Amino acid sequence: MRDRYDALVIGSGFGGAVAACRLAQAGQRVGILERGRRYTLGSFPRDWSNPLNGWLYQHDQGLFDVRPINEMTIVQGAAYGGGSHIYANVHLRMPPDGFAHGWPRGYDRASLDPYYDLAAWMLDLNTVSDDQPFGVPPKTQRSREAAERMGRGGQFTLTPLAVDFGDPYTLRTNKFGAQQYGCRHVGECDIGCNYQAKNSLDLNYLTVAAQHGAELGTRCEVTRVTPAHDGAYEVLFTDHEASGEERRTTAPVVVLAAGAVNTTELLLRCRDQYRTLPRLSSMLGRRYSGNGDYLGFAFGTDLPMEPWSGPTITSAIVHDRGTGAARRWFLFQEGGFPREIAGLLQMLDEDDERLVGLHRAQDDVLAGIRKAARERIGNDEKDGERSACFLAMGRDTADGRISLVPVTHDLRVTWNLNKNLGLYETEERFCKDMAEALGARPAANPLWRALRLPVSVHNLGGCVMADDPSQGVVDAQGEVFGHPNLFVLDGGCLPSSTGVNPAHTITAVAERNVEALIRRIAGQPRWTAPEREHAVPVADPLDALHIPAGGTPAPAAPGTGLRFTETMHGPMYRPENTAPREGAATFFRVTVTAPVLTDFLNDATHPMAVRGTVHVPGITGPDGAQVAGGAVNLLIEGDDRDARKMIYTLPFFGEDGRPYLLDGVKDVRDHGRFDIWGSTTTLHTRIRRGSAPDGPVVLSGELRLGVLDFARQLTTVRISATANPLWQAGALSRFGLFFAGSLWDVFVRPRLPVPLSLPSATRGGVR
């Protein structure tokens, strides 16, 4: 890399590729800094026996950057071409009403359509069809038939894909001069296409950028941006190609396009850790969105789905019901996966303890997945042909926050799960409906099932566009407030969830904003992309779908939930001293939620999500600390058949910025004195350093639920997702029977002279 460029582009995903291409075409000397590797024809990782060999960025800059960050598990790509190598090729336009809230002046669908058209030409969009070499995949046809059976045929559509469907066995040169094969229908779009059949960014935008002189540095990870004395910016980066050498380069124009999370993290570190950009807006990190992503599965379909046949995603169904805050708008897409991971996914259907047993922390679930992957990936799995994978994405609240933890400067994501439960639950119920229509059994991804932790592959926001810095970080052209010629042109600048696959909108917004940038810095007020003359208006298939006047049907699968608020308190002691006078008066007040009561009752680990506040003197400070990503496992099997446990896992951050865990258990058993009250209201508690249940103990003791606290707790019980009093009463009855039945089995049944128990429904066996 040179010491100086006219423009530096950090990242080469959809925003970065557009910026590099257009700036180079406009005659600028462009440098591209990309933290990932460059993958050529046939070079993507395929070592199924070792998940660390080329797959993970955390291990020698592999393809996938998977980051379990507090309240959201984030999946990103790391490669020359960014996420275009691991996304599912889908390019849909954001519906017109999506621009009505949160977007700056000047943005609407009509004004953005010409840039959508330009992106469509550059990415050469197509849909699957019968006249292609492999025709329409079985999973596409099965999905269409299922939509009809569900009464949703009018909301089904094929999706435009950035895929070449030409001759799959002839290498040809595309219109930009890059070489490609046609699609071989092997379902490997989201792990890097080794035939270059997907129109990833290195085969179009970045090819054009290189033809116009753009220079590339791969495995160059930017760590700092600093204003220079001459009005330019100095960019510091780690050159992993040169054994981690720290290097510098400068440019008067810098475009940040490292992805929503990474761009936001870089700016946060520049403002709060290194203080090189202290004037960044206080809105930095706010208005983060996971795009409502929800991942589901189905097993045992009545007809073969062949999920590895065809591109990863080929079709979609729109769900649109309700109004105002109760509106549930999302897109449901059939998915696919390589044949080699079919064996791993089957374990979700087999109730394997590594994936669906008791998990109390995010690391537990991920460790189970890694262990299962080592044993099952690559195995021949014939049953996989009757499996299905689903991805939903919708309009979430887009009010999350990306921040740095004080002192440690670790990255943190705060996500309002409670406000988004309605969306996630409806997506989950829709997945169940789809599974039933396919004659199959539904399954959720393990992180959601065990801990209610979402997984997002479409991270947005954090550096959002706005009309002024009190509302966002960049202006309507993507220029950072207070820092001239510093731009954000990736998904981080989008001020709301798109509700659809966001790649097309990121690309169109980048086309719009880089055009304005070039007109200004190049002194060419009428400059447009040369390819604009080839781009013709393209109809978006979502615009043609029929949405009934009253909205699409509600999912048939049940989804009533339950929540209550609990307060417990008591003294905690250091392990080396249990003197009463040294006890720390600890208490917590949390809201415990079962988003879908039926799922809670039928799950042997009875997981409930927890949000609230914990107060530990000397650790949390006087205002306490927020519990994020907490869980309660209610009345699960104990050490023997006559015992139950209630396990509390409440992670929080201390005043010192470090993670802690309130790890508690209620030992519900008959100690010989029929003490139902004492065993259900006494929490044997440890405060641990770190976020794992085996971390070092800082304090220990017993927290108790007082009589008045219990009386207040009863008044906080709420039933969600229904206003029908009969359904509410039924849900309370089911929960009450479960609770009473568990206590019956512990305290009453063992004392009876003959075997006797309450009906199975009381212990969660709801049918």
Side-chain angles (χ1 to χ4, degrees), residues 10-16 35-36 57-58 63-79 81-88 90 94 98 102 190 256-269 283-295 330-331 362 391-404 410-417 420 423-424 427 445 447-448 453-465 472-474 478 488-507 509-510 629:
I10 300 171
S12 59
F14 289 97
R35 66 176 180 147
Y57 185 77
Q58 290 76 9
L63 179 60
F64 288 90
D65 183 10
V66 181
R67 306 180 71 179
I69 308 177
N70 308 110
E71 301 174 45
M72 183 75 70
T73 298
I74 289 166
V75 181
Q76 307 170 109
S84 73
H85 289 297
I86 65 168
Y87 84 134
V90 179
M94 188 168 158
D190 50 4
L256 303 178
V261 174
N262 292 340
T263 291
T264 303
E265 180 180 6
L266 174 61
L267 289 178
L268 282 168
R269 295 195 184 281
M283 289 298 294
L284 178 61
R286 298 184 182 273
R287 296 173 68 182
Y288 163 79
S289 166
N291 207 40
D293 284 3
Y294 178 85
L295 181 65
F330 62 85
L331 199 63
Q362 193 173 25
L391 178 63
M393 61 207 75
R395 296 181 181 178
D396 62 25
T397 56
D399 60 352
R401 184 180 181 186
I402 304 171
S403 61
L404 297 181
D410 291 333
L411 193 67
R412 181 178 184 182
V413 172
T414 306
W415 182 239
N416 195 330
L417 178 64
N420 289 285
L423 171 63
Y424 291 134
E427 292 171 330
N445 85 74
L447 283 167
W448 179 255
L453 282 171
V455 177
S456 178
V457 297
H458 298 131
N459 300 281
L460 303 171
C463 309
V464 302
M465 295 185 293
V473 178
V474 303
V488 175
L489 295 184
D490 57 20
C493 73
L494 299 194
S496 72
S497 61
T498 62
V500 301
N501 313 70
H504 211 34
T505 300
I506 295 170
T507 308
V509 169

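In what follows, residues are counted from 1 in the order of the sequence shown. These numbers were taken from a predicted model, which means no experiment stands behind them.
With hydrogens and angles ignored, the 3.5 Å screen pairs no side-chain donor or acceptor of D65 with any backbone N or O of A78. Side-chain atoms of D396 do not come within 3.5 Å of backbone N or O of N420 as any donor-acceptor pair. Checking side-chain atoms of D490 against main-chain N and O of A258 turns up a donor-acceptor pair under 3.5 Å. Within the 3.5 Å criterion, the main-chain N or O of G499 finds a donor-acceptor partner in the side chain of N291.
Rounding to the nearest 0.5 Å gives a distance of 7.5 Å between OH of Y424 and CG of D293. Remark: S289 OG to M393 CE distance equals 11.5 Å, nearest 0.5 Å. From L453, atom CG reaches atom CH2 of W448 across 8.5 Å, with rounding to the nearest 0.5 Å. A distance of 4.5 Å separates CD1 in I74 from CG in N459, rounded to the nearest 0.5 Å. Atom-to-atom distance recorded for L447:CG and L295:CG is 10.0 Å, nearest 0.5 angstrom. Annotation: the span from R35 atom CZ to Q76 atom CD amounts to 5.5 Å, rounded to 0.5 Å.
Residues passing the side-chain hydrogen bond (donor to acceptor under 3.5 Å, both in side chains) test with T264, sequence neighbours excluded: none. With sequence neighbours left out, F64 forms a ring pair (Phe, Tyr, Trp, His ring centres under 6.0 Å) with no residue at all. Considering only residues two or more places apart in sequence or on other chains, V464 meets the side-chain contact (heavy atoms from CB on, under 4.5 Å) condition with R287, P495. Taking H458 as the reference, nothing meets the ring pair (Phe, Tyr, Trp, His ring centres under 6.0 Å) condition, with sequence neighbours excluded. With sequence neighbours left out, the side-chain contact (heavy atoms from CB on, under 4.5 Å) criterion links R401 to R286, S403, T414. E71 pairs by the salt bridge (Lys or Arg N to Asp or Glu O under 4.0 Å) definition with R611, not counting sequence neighbours.
When all heavy atoms of L423 and F330 are compared, the pair lying nearest together is CD1-CD2, 4.0 Å. L63 and A79 get closest at one heavy-atom pair: CD1-CB, 3.9 Å. Between G491 and A260, the shortest heavy-atom contact is C-CB, 3.9 Å. Shortest non-hydrogen contact noted between V261 and L411 is CG1-CD2, 3.8 Å. In terms of heavy-atom proximity, T507 sits nearest to F14 at OG1-CD2, 3.3 Å. Between A257 and G15, the closest heavy-atom pair is CB-C, 3.9 Å.
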- [ ] Please report the C-alpha distance between V455 and Y294 in whole Å, then the side-chain angles of each, then the deciding distance to 0.1 Å, and finally whether the side-chain contact (heavy atoms from CB on, under 4.5 Å) criterion is met.
- [x] CA-CA 7 Å; V455 177; Y294 178 85; over 6 Å; no
Open item on the list: side-chain contact (heavy atoms from CB on, under 4.5 Å), that's the test. Do M72 and Y288 meet it? Break it down for me.
Closed with: CA-CA 11 Å; M72 183 75 70; Y288 163 79; 3.5 Å; yes
Task: C463 vs L284, side-chain contact (heavy atoms from CB on, under 4.5 Å): CA-CA, chis, key distance, verdict - done: CA-CA 6 Å; C463 309; L284 178 61; 4.0 Å; yes
TODO: Under the side-chain contact (heavy atoms from CB on, under 4.5 Å) rule, what do L331 and N501 come out as? Steps first, then yes or no, please.
DONE: CA-CA 9 Å; L331 199 63; N501 313 70; 4.0 Å; yes
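In this structure the side chain of H504 never reaches within 4.5 angstrom of the side chain of M94, judged on heavy atoms. Using a 4.5 Å cut-off on side-chain heavy atoms (C-beta onward), L494 and T505 make contact. At least one side-chain heavy atom of T397 sits under 4.5 Å from a side-chain heavy atom of W415. In this structure the side chain of V509 reaches within 4.5 angstrom of the side chain of M465, judged on heavy atoms.
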